[in-house]
Amino acid sequence: MSQEIWINLPVKDVEKSTAFFNEIGFHAVSVGNERAKLAIGQTTILLFPDAAFEKFTGSKTADTSRSAELIFSIGAESREEVDAFIQKVEFAGGSIFDKPSEVDGWMYGAGFADLDGHRWNLLYMDKSKMPKR
């Protein structure tokens, strides 16, 4: 069995979402009619119009204005990378739901929502300060 995983993500406007993700530093390209491929490290996320997503899942998409269906977590190399990334998100039209801050003395991160309300977080972990168990 193939070990590749593709995450399928419904969006209201594929072109606007593609532009947003490129603006914040990801690599997104149009693929065929009304869909795009977003590459983040080794992960592939396919952006589909809501109607296409609903057709092949057989259910309605989540109303992200009322609930969160998931959160994508992305590792950062430094606190500065988290801060700079969040500034790009704000400039590109995303919304910040968790401003950059330190957690438990060894993690530093922030959370944002993309144009469709899907939630993401960026997290830097200083493993030298990580509690030993």
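Quantities reported herein were computed from a predicted structural model and do not represent experimental measurements.
By the rule that hydrophobic residues join a cluster once side-chain heavy atoms approach within less than 4.5 Å of another member, I71 and I45 end up as members of separate clusters. Hydrophobic clustering (ILVMFWY, side-chain heavy atoms < 4.5 Å, transitive): M125 and I40 are in distinct clusters. Cluster annotation: I86 is connected to F72 through the hydrophobic network of ILVMFWY side chains, with a link wherever side-chain heavy atoms come within less than 4.5 Å. A continuous path of Ile, Leu, Val, Met, Phe, Trp and Tyr side chains, each step under 4.5 Å between heavy atoms, connects L122 with V89, placing both in one hydrophobic cluster. Using a 4.5 Å cut-off between side-chain heavy atoms of Ile, Leu, Val, Met, Phe, Trp and Tyr, with links allowed through other members, L70 and W6 fall into different hydrophobic clusters.
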Next on the checklist: Under the criterion side-chain contact (heavy atoms from CB on, under 4.5 Å), I'd like the reasoning laid out for K12 against L115: C-alpha separation, chi angles, the key distance, then a yes or no.
Outcome noted: CA-CA 9 Å; K12 306 242 180 302; L115 301 180; over 6 Å; no
Item to check | Full working for side-chain contact (heavy atoms from CB on, under 4.5 Å) between L46 and R35 | outcome: CA-CA 7 Å; L46 301 173; R35 68 185 80 137; over 6 Å; no
Checklist entry - F48 and L9: side-chain contact (heavy atoms from CB on, under 4.5 Å), yes or no, with the steps? => result CA-CA 6 Å; F48 286 92; L9 192 63; over 6 Å; no
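Counting non-hydrogen atoms of neighbouring residues, nucleotides and ligands closer than 6.0 angstrom, the CZ atom of F56 exceeds 12 such neighbours. Residue-environment remark: CD (E34) stays at or below the threshold of 12 foreign heavy atoms within 6.0 Å. Within 6.0 Å of CD in E15 there are 12 or fewer heavy atoms belonging to other residues, nucleotides or ligands.
Counting all heavy atoms, side chain and backbone alike, I24 lies closest to A92 at CG2-CB, 3.8 Å. The two residues P131 and W106 make their nearest non-hydrogen contact at CD-NE1, 3.4 Å. In plain terms, the two heavy atoms of L123 and M107 that are nearest each other are CD1-CB, 3.9 Å. Pairing each heavy atom of E90 with each of I96, the nearest pair is CG-CG1, 3.4 Å. Scanning all heavy atoms of the two residues, the minimum distance from E69 to A62 falls at CB-CB, 3.9 Å.
Contact annotation: the side chain of L47 approaches that of T18 to within less than 4.5 Å [non-hydrogen atoms, C-beta and beyond].
For the pair R79 and Y124, the cation does not sit on the ring face, since its NZ or CZ is not both under 6.0 Å from the ring centre and inside 45° of the axis. Taking the ring axis of F112 as reference, the NZ or CZ atom of R119 does not stay both within 45° of it and closer than 6.0 Å to the ring centre.
Between the D116 side chain and the V11 main chain, no donor and acceptor come within less than 3.5 Å of each other. With hydrogens and angles disregarded, no donor-acceptor distance shorter than 3.5 Å links the side chain of H118 to the backbone of T64. Judged by distance alone, the side chain of N22 and the main-chain N or O of A28 form a donor-acceptor pair under 3.5 Å.
Interatomic distance, OG1 of T44 versus NE2 of H27, reported as 10.5 Å (0.5 Å rounding).
Ring geometry for F26 against F21 counts as parallel: the plane angle stays under 30°, on a 0 to 90° scale with 60° as the upper cut.
One side chain, Y108 or D83, offers a donor N or O that lies under 3.5 Å from an acceptor on the other.
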